Protein chains: 2
Amino acid sequence: MVTVHDVAARSGVSIATVSRTLRSPHRVSEETRDRVLAAVQDLGYQPNRAARGLRGGRTGVIALVVPDIENPYFSALTKGAQASARERGYGLVVVDTTERADVEAAEIQAVGPQIDGIILASSRLPDDQLAQTAAATTCVLVNRYDTTDGSLTPTVTIDEAVGAHAAIAHLYELGHRRLLYVGGPDRAWSQARRSKAIREAVASYPDLALEELSGFSPDAQGGRNAADAARAGGAQAVIAYNDLVALGLLARWSETGIRVPDDVSLVGFDNTYVAELSFPPLTSVGADLREFGETAVTLLLERIDAPEGAAERLRADPDAVEQLHREVPPRLVVRSSTAAPAR
Amino acid sequence: MVTVHDVAARSGVSIATVSRTLRSPHRVSEETRDRVLAAVQDLGYQPNRAARGLRGGRTGVIALVVPDIENPYFSALTKGAQASARERGYGLVVVDTTERADVEAAEIQAVGPQIDGIILASSRLPDDQLAQTAAATTCVLVNRYDTTDGSLTPTVTIDEAVGAHAAIAHLYELGHRRLLYVGGPDRAWSQARRSKAIREAVASYPDLALEELSGFSPDAQGGRNAADAARAGGAQAVIAYNDLVALGLLARWSETGIRVPDDVSLVGFDNTYVAELSFPPLTSVGADLREFGETAVTLLLERIDAPEGAAERLRADPDAVEQLHREVPPRLVVRSSTAAPAR
DNA sequence: ATGAAAGCGCTAACAT
DNA sequence: ATGTTAGCGCTTTCAT
């Protein structure tokens, strides 16, 4: 292992100068700097993160906590976060909580002291625990708000209203007037928001009817379970909680001879890559998830690098508070699971 | 932050005793141990990994390097590795190389010194670079061998022969006699092995005919691209390089009115969760990928914890060398994409 | 502009 | 069985 001492010896300076050259180059003469950097290069010196972390209180590592890394939504998010963290010289530790709040809490506890910050994606923690975590750690929330008054926890969310309007407008223009929303688990934070956004979007069209089913697990099995009930009401178009639910609906319908989009149009949410895997490929509403992950990392690193007392300054500045919350507008991607209703 | 000093003060012992209580409990009197552990509990003490790493040369972190975390194969692998690492008190840093060998090399370089070991999954490195990396770091290879003579790099692979035989036997028993294998990229390490295993399995049936197409990208697009050519030869059953390719074939065939399994049977590889997403769901051959990830972590930690000189002892013991290489037998999971050929 | 030295939290000799 | 202490590699005052 190459250390500062090796570099110092090689370039004929003290270890302090080596450190300075790397951390604050302007405080070192140009001549010395060149010599040191050359030695760094020659020796392939890599500062030891553990040592740096010990001294400076920073570890150069952040954590991303997700409910299920196998879910395409979170793997896309992880991909973006990972790339962004790497680019900025941070390591990314991934924690999969297997959808369990207790595991999530335990892991935050265990990993918290060893890292510079946490990204909590679709946290399953109850509100009070979330607020407590947000207060105790440097963290960024994805797909969830800290509902505490005056909370300064940075947040990245989807603008559900934009997404819902895009989906509803698309179906309306195709000529559908009887819609059905197949929702996710009633306890899910996104389910409440998404459902509300869809109801509001529908309400802006006086001649649109909306039914709603909910309580299905947010995966393909949930869609399969919903499939028969979803056809009972005679809706012309179905909007699913997410792409996996949509694929479940599609699979079960295919078994029973119901054709998409001939018999019923189908729209998914999140626009994950699985939307392109099915036949027909799925029309879906979603933001760029990788970008989503990148944004979360950016926000977190801003937080980490913020000088002490920045929070107080923020609290005073209402504009800055807005900066903390990024609400990303999703796009509608039309594929062939939606079409005009049969006459 | 709670340190050993806080725990020591609280329990009225020295910091050394605190450390001992945690590292080697048997070297501490039972009475003291209880007192220290109580203090640890009360204060919520968490040993600082950076400090421990600095002292002992261990960081408590391992890295998993994958070509693409969004690929369901690697996200399942990651899930297993993550769970296993966490269980044993290790952090897991995930690195996504976006399928690029240069990124992979650079990341191994950057991350190597800061961690205790690396799991290289489906490495895209050329043989010589891989051998060099394997020699220079504590690492475990997944889905790839270090071809160096006498290499002691632990390896986890799929037993392709078992998988191929299972798939071919299944199709044979259904009555198919004309088969087609749609292979992946010609340069891919798995493609060569899989293709060979399939040819050998087919050869054990005198009345089986096998065609082969290859060079397709290992994703749904690759499958779509292969779809038309795959029908040209008139094969009764198609075996795809992996599930994504199979889904691509399926999607394109559905567009053109070709029905699975009525017109052609279809088998995927890897048995990822996407195999269950399609209609019809995919018959697929694969090992339990989470277990695969767990095995890799186990092997790596054994390596990390191995005392100095263990390598020499290993080299002397031919049985132990076998232990280094785990070849996992996959299972065939029959779903409805395979059926007897129409008469 | 540069160097000497303290110390981050921990573990492992060494001493008692 | 327990305490004292050196030192891992680094950053950061404080001197010079």
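These numbers were taken from a predicted model, which means no experiment stands behind them. Reminder, nothing fancy here: chain letters follow the sequence lines and each chain counts from 1.
In this model, the phosphate group of C:dA1 is not approached by any side-chain N or O of A:Arg27 to a distance below 4.0 Å at OP1 or OP2. Contact annotation: B:Ser14 side-chain N/O to D:dT4 OP1/OP2 distance is not under 4.0 Å. Of the side-chain N and O atoms in A:Ser19, one or more sit less than 4.0 angstrom from OP1 or OP2 of D:dT11.
Separating the CG atom of A:Leu54 from the C1' atom of D:dG7 is a distance of 12 Å, rounded to the nearest angstrom. Atom C1' of nucleotide C:dC10 and atom CG of B:Asp6 are separated by 13 Å, given to the nearest angstrom. Straight-line distance from the CE atom of B:Met1 to the C1' atom of C:dC10: 11 Å, rounded to whole Å. When rounded to the nearest whole Å, the span between CG of B:Leu22 and C1' of C:dT11 equals 11 Å. In this structure, B:Arg55 places its CZ atom 11 Å from C1' of C:dG9, rounding to the nearest Å. Atom C1' of nucleotide C:dA12 and atom CZ of B:Arg58 are separated by 14 Å, given to the nearest angstrom. Between the C1' atom of C:dG9 and the CD atom of A:Gln114 lies a distance of 11 Å, rounded to the nearest Å. Atom CD1 of B:Ile15 is separated from atom P of D:dG3 by 11 Å (rounded to the nearest Å).
Within a 6.0 Å radius of CZ in A:Arg88, other residues, nucleotides and ligands contribute more than 12 heavy atoms.
With DNA chain D read from its 5' end, the first of the two nearest nucleotides for B:Ala16 and A:Ala50 is the one closest to B:Ala16. In terms of position along DNA chain C, the nucleotide closest to A:Arg33 lies nearer the 5' end than the nucleotide closest to the other residue of the pair B:Pro47 and A:Arg33.
Residue-level contact check: B:Val13 touches the backbone only, with heavy atoms under 4.0 Å from sugar-phosphate atoms and none from bases. Across all strands shown, B:Thr17 has heavy atoms under 4.0 Å from sugar-phosphate atoms exclusively, and none from any base. In this structure, B:Ser29 reaches the sugar-phosphate backbone alone: every heavy-atom distance under 4.0 Å involves primed, P, OP1 or OP2 atoms, never a base.
Picking from C:dC8, D:dT2, C:dA4 the nucleotide with the shortest atom distance to the side chain of B:Thr32 gives D:dT2. Across D:dT11, D:dC10, D:dT5, the shortest atom-to-atom separation from the side chain of A:Asn48 is found for D:dC10. Residue B:Arg20 places its side chain closer to C:dC14 than to any other of C:dA1, D:dT12, C:dC14. Closest to the B:Arg23 side chain, of the nucleotides D:dC10, C:dG9, C:dT11, is C:dT11.
B:Asp116 and B:Thr59 share a side-chain donor-acceptor pair at under 3.5 Å. Checked by atom type, the side-chain pair A:Ser123/A:Glu104 shows a donor-acceptor distance below 3.5 Å. A donor-acceptor pair shorter than 3.5 Å can be found between the side chains of B:Ser151 and B:Thr153.
Using a 4.0 Å cut-off between a side-chain N of Lys or Arg and a carboxylate O of Asp or Glu, B:Arg100 and B:Asp102 qualify as a salt bridge.
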